[in-house]
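Worksheet: the structure to be examined is printed underneath.
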Amino acid sequence: MRGSEQDAAIPRGMHAPAMKLTVAIPTHNRASTLRQTLASIAGLELSGIDAECIVVDNASTDATASVVEERLRTAPIAIRRVLEARRGSSFARNRAVDEARGEFILFIDDDAVAEPHWALELIGEMERRGLDAACGMVLARWGAPPPPWLGPRLYSKLAVHDPASSGNGSWERAGNYFSANAGFRRTALQRFGRFREDLGVVGSNPMSGEDTELFMRIMARGGKMGFAPRAIVHHLIGAERLTRAYLRRKSFAYGVGSAFAAGRSHNHLDKLMRNAARMATAWARGDQTGALYHQLECVNFFGYWRGRMMMRRASATQPLT
């Protein structure tokens with residue numbers, strides 16, 4: 001069935017008996033990479049777990065529909081495509097939650113490939129430790145050779161992990177949690193809320209960090225979140241992301257989003273001064289990776305205060321009640 005027929009078959013808000021697992025893939029105009037993502041989901045080792053895969057088509061205009069239809073004919077896991085016309089990553093993620101029938105909801109990006117035991121490892125970590133949510137390992141799948149200045153210290157700016165780093169408790173923090181590989185208990189999303197729809201990437205809109213905001217909210221409200229190092233996905237990092245300009249845009253956008261998230265901020269003047277000094281020192285030593293890292297921290301600072309200005313202007317233009 002095509003998207004509209006599938007939506008009609010199961011009305012929104014009405015679900016069949018609960019399934020164990022839902023794999024959710026929000027997507028927008030990435031048919032070529034989505035094909036690989038779906039192939040990896042079809043190849044998951046599930047050990048008899050009841051499972052489904054929901055592809056949330058976020059207003060795609062490419063061949064997304066045909067890619068999903070091609071895979072659902074042969075996949076051993078039930079696959080559905082649902083349409084979400086409101087553009088934006090948070091709208092797509094929350095639509096996946098609306099449609100999901102599983103007690104566990106696992107998210108993977110539409111340009112990532114899961115290893116065969118990904119789902120079992122992510123669910124297993126959550127059950128073993130009694131976690132409300134968990135994030136797994138995201139390894140880079142380079143679309144082009146990384147430039148020499150792109151050292152492991154910068155990997156987190158691309159939302160991927162350095163596999164050579166220690167995977168001990170130091171990874172149990174929000175800075176290492178990426179939504180390209182994230183799992184939630186359904187009950188956690190009911191208790192702590194879902195993705196904020198005033199955050200999230202929409203085209204060139206400078207607003208990101210909806211995933212980090214949710215992770216921080218879960219932990220701040222007493223939820224348990226952790227890292228699952230053996231739950232591995234490989235995230236395509238295309239050549240267009242391997243530029244200093246791209247990393248500066250992303251750091252600025254994340255700064256804007258962190259202002260709207262309204263949590264505690266480290267974006268005070270001492271951060272700017274400290275990172276400016278460290279950037280200069282790194283440049284003097286010939287450390288291109290370190291210099292760019294501190295430059296991006298400065299850019300994040302300016303993005304945050306840009307976001308604060310946007311909020312003040314929006315507040316000033318709202319009519320009095």
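Note that the coordinates shown come from a computational prediction; the quantities given were computed from them, not determined experimentally.
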**Prompt:** What do the steps show when you test Arg71 against Ile79 for side chain to side chain contact (heavy atoms under 4.5 Å, CB included), and what is the final call?
**Reply:** CA-CA 8 Å; Arg71 176 54 61 178; Ile79 297 176; 3.5 Å; yes

**Request:** Would you sort out whether Asn58 and His28 count as a side chain to side chain donor-acceptor pair (under 3.5 Å), showing the intermediate values?
**Result:** CA-CA 5 Å; Asn58 195 200; His28 173 72; 5.5 Å; no

**Item:** Audit row: Glu99, Arg80, salt bridge (charged side-chain N to carboxylate O under 4.0 Å, His left out) steps and yes/no
**Value:** CA-CA 10 Å; Glu99 297 288 340; Arg80 287 189 292 134; 3.3 Å; yes

**Request:** Can you spot which of Leu38, Thr37, Val82 makes a side chain to side chain contact (heavy atoms under 4.5 Å, CB included) with Val55?
**Result:**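 That would be Leu38; it is the only one of Leu38, Thr37, Val82 passing the side chain to side chain contact (heavy atoms under 4.5 Å, CB included) with Val55.
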
Shortest non-hydrogen contact from [X] to [Y]?
{"X": "Ala100", "Y": "Ile105", "result": "CB-CD1, 3.7 Å"}
{"X": "Ile77", "Y": "Ala42", "result": "CG2-CA, 4.3 Å"}
{"X": "Ala134", "Y": "Leu131", "result": "CB-CD1, 4.1 Å"}
{"X": "Lys224", "Y": "Arg129", "result": "NZ-O, 3.0 Å"}

**Prompt:** Stepwise, does the salt bridge (charged side-chain N to carboxylate O under 4.0 Å, His left out) test hold for Arg274 with Glu297?
**Reply:** CA-CA 10 Å; Arg274 183 172 61 251; Glu297 290 294 292; over 6 Å; no

**Asked** Taking Asp132 for the side chain and Gly223 for the main chain, is one N or O donor matched with an acceptor at less than 3.5 Å?
**Response**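 Checked: no pair found.
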
Are the ring centres of [X] and [Y] closer than 6.0 Å?
{"X": "His161", "Y": "Phe227", "value": "yes"}
{"X": "Tyr293", "Y": "Trp283", "value": "no"}
{"X": "Phe107", "Y": "Phe195", "value": "yes"}

**Message:** Among Arg30, Arg86, Arg81, exactly one meets salt bridge (charged side-chain N to carboxylate O under 4.0 Å, His left out) together with Asp57. Which residue is that?
**Reply:**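 Single salt bridge (charged side-chain N to carboxylate O under 4.0 Å, His left out) partner of Asp57 among Arg30, Arg86, Arg81: Arg81.
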
**Request:** May I ask you to check whether over 12 heavy atoms, not counting those of Arg141, lie within 6.0 Å of atom CZ?
**Result:** yes

**Request:** Count the heavy atoms belonging to other residues, nucleotides or ligands that lie under 6.0 Å from CE of Met219, then report whether that count exceeds 12.
**Result:**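 For Met219, atom CE is crowded (more than 12 foreign heavy atoms under 6.0 Å).
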
**Prompt:** Can the positive tip of Lys20 be found less than 6.0 Å from the middle of the six-membered ring of Phe104, inside 45° of the ring normal?
**Reply:** no

**Message:** Would Arg217 pass as a cation-pi partner of Phe192, given that its NZ or CZ must be under 6.0 Å from the six-membered ring centre and within 45 degrees of the axis?
**Reply:**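 No, cation not above the ring by the 6.0 Å, 45° rule.
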
